[in-house]
Amino acid sequence: MQASREISQKMAILIGNLISGCIHDARMIPYILNQEEVINILVDDPARFEALVQQEHSDRREYSKEDLTLKLDALEELGNFEALAAVEIPSWTGAEADINPILELTNQLTRTFAVYVGNASTLFDKGLQEFMNKFRQSLRQAGMDIKTIDFDIEDVSLLRDRAEVYLVKGEFLKAFIFERLLAYQVMIKQVINLPKSGFSLREDLIRRALQDVNLSIPLIKFILRASYISHGAWGDMFSILADIASKEPDLCRPSQLSDFIEKDVVFSCNLLCKSYAELSQLPADLRRSAIEGGIEKERNSGPVTVVSQDR
């Protein structure tokens, strides 16, 4: 039986609510502090140390005072990757920079990103499965049997609106997590058929942000950083951005994109598959030309490949 307009729209609203709930609920990540970190907290902030001990006891965990768990807020840690301002270098000329702190910070946020995305995905899979079991049971009791529901543009527009709420507030991570959960989950494909044409939430979100003077620059930086924080899993967003810059310079000028890449040492190294030491020794015009060539290559071939960094 084909789902009615009312059912499909209600389903879109409920899925939007479920995804938003998972984005929020996945944020708290337990992190076991090592002994040195515990000692530092004890010395620097005794009140916080006691609070952590009490939290362990209230959670009925069996860790000792030498082995405490700190609950990290992943969204606060990641946010708009503001902490990664350190990856920007003012110039490649002059004394060679120490990029070890940059790489350490990148690795730290990569781990947090992976756990957070994994948590959100797991919560969504479980939540959607439980919801669909109840939904189908209620339909059967009403004498209806719907195996899958076909969404049209009106239905997915409701979901786009939910993602854009995050986007316009500059919460890019939440906006694109929303998009990823909608697009990639196995359960979605088993119960919802998204439109095969006329709908690309990922590209729609990128275009929407590029059209806003207050969002365009933060979005470009986010896309660059997300490509390597995700170890390339979100690199497809850069391919979309590069294609837009090539075809629609009114939204993103190619020279502007090259400027941001050149300032982002980690992305530059990954794009050109070279170490910082190798790139810093290139003449400025050759480095710039290589970046422009790298953009064109990735626009045509797909996501940026993340490579290991060394000095």
Side-chain angles (χ1 to χ4, degrees), residues 1-29 73-75 78 113-209 215 219 222 226 230 233-234 236-237 240:
M1 181 182 297
Q2 180 70 31
S4 68
R5 159 62 49 201
E6 181 182 4
I7 288 177
S8 64
Q9 292 214 332
K10 284 185 176 179
M11 178 65 72
I13 293 171
L14 289 169
I15 287 178
N17 290 341
L18 178 60
I19 294 177
S20 294
C22 292
I23 288 172
H24 178 270
D25 293 343
R27 66 190 304 160
M28 300 312 295
I29 299 174
D73 186 332
L75 288 179
L78 295 165
F113 178 90
V115 175
Y116 172 68
V117 173
N119 284 352
S121 178
T122 299
L123 288 172
F124 182 59
D125 272 342
K126 291 177 62 177
L128 183 61
Q129 187 169 15
E130 291 173 0
F131 166 73
M132 287 307 302
N133 288 340
K134 294 177 181 178
F135 177 71
R136 284 173 172 151
Q137 183 178 4
S138 66
L139 288 179
R140 284 195 294 269
Q141 290 174 349
M144 302 173 66
D145 184 18
I146 298 176
K147 292 184 178 181
T148 61
I149 296 177
D150 296 322
F151 275 8
D152 61 18
I153 295 299
E154 288 186 36
D155 299 323
V156 293
S157 292
L158 296 174
L159 294 166
R160 181 192 293 113
D161 291 345
R162 293 294 294 269
E164 285 190 355
V165 169
Y166 296 127
L167 188 80
V168 297
K169 292 192 293 186
E171 296 177 340
F172 300 126
L173 180 62
K174 292 181 182 179
F176 287 100
I177 281 280
F178 190 104
E179 183 274 329
R180 300 277 160 164
L181 291 178
L182 179 64
Y184 288 154
Q185 298 306 304
V186 173
M187 280 300 298
I188 275 286
K189 296 176 182 177
Q190 292 176 351
V191 298
I192 301 296
N193 295 319
L194 297 174
K196 295 182 178 179
S197 62
F199 175 71
S200 175
L201 181 53
R202 190 171 311 156
E203 184 170 349
D204 288 348
L205 291 174
I206 292 174
R207 288 180 177 278
R208 171 67 178 81
L215 296 176
L219 174 83
F222 172 86
S230 68
W234 286 27
D236 55 318
M237 292 198 302
I240 294 173

Original post:
Would M11 and M132 count as a side chain to side chain contact (heavy atoms under 4.5 Å, CB included) if you check the C-alpha gap in whole Å, the side-chain angles of each, and the deciding distance to 0.1 Å?
Top reply: CA-CA 10 Å; M11 178 65 72; M132 287 307 302; 3.8 Å; yes

Could you report the tightest heavy-atom contact between [X] and [Y], atom names first, then the distance?
X: L167; Y: L205; answer: CD2-O, 3.4 Å
X: A120; Y: A26; answer: N-CB, 3.4 Å
X: A12; Y: L158; answer: CB-CD1, 4.1 Å
X: A209; Y: F172; answer: CB-CE2, 4.4 Å
X: A163; Y: F178; answer: CB-CD2, 3.8 Å
X: R162; Y: N17; answer: NH1-OD1, 2.6 Å

**OP:** May I ask you to say whether E130 pairs ionically with K126, meaning some side-chain N is under 4.0 Å from a carboxylate O?
**Re:**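 No salt bridge links E130 with K126.
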
Original post:
Please walk me through it: do F222 and F176 pass side chain to side chain contact (heavy atoms under 4.5 Å, CB included)?
Top reply: CA-CA 11 Å; F222 172 86; F176 287 100; 3.8 Å; yes

Out of curiosity, [X] [atom1] to [Y] [atom2], how far, rounded to the nearest 0.5 Å?
X: R180; Y: I23; atom1: CZ; atom2: CD1; answer: 12.5 Å
X: D204; Y: R160; atom1: CG; atom2: CZ; answer: 4.5 Å
X: L18; Y: F131; atom1: CG; atom2: CZ; answer: 8.0 Å
X: L159; Y: L181; atom1: CG; atom2: CG; answer: 11.5 Å
X: I13; Y: D155; atom1: CD1; atom2: CG; answer: 9.5 Å
X: L14; Y: L128; atom1: CG; atom2: CG; answer: 10.5 Å

**OP:** Please assess L182 against F124 for the test side chain to side chain contact (heavy atoms under 4.5 Å, CB included), listing each intermediate value before the final yes or no.
**Re:** CA-CA 9 Å; L182 179 64; F124 182 59; over 6 Å; no

Original post:
Under the side chain to side chain contact (heavy atoms under 4.5 Å, CB included) criterion, do L201 and V156 qualify, and how do the steps go?
Top reply: CA-CA 9 Å; L201 181 53; V156 293; over 6 Å; no

Original post:
Does the side chain of V168 reach to within under 4.5 Å of the side chain of R208, using non-hydrogen atoms?
Top reply: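 Yes. Closest side-chain heavy atoms under 4.5 Å.
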
Original post:
Under a 4.5 Å cut-off applied to non-hydrogen side-chain atoms, are I15 and I19 in contact?
Top reply: yes

Subject >> Residues forming a ring-ring contact (aromatic ring centres under 6.0 Å, His included) with Y166, sequence neighbours excluded >> reply: none

Original post:
Where the side chain of S121 meets the backbone of V117, is there a donor-acceptor pair that is under 3.5 Å apart?
Top reply: no

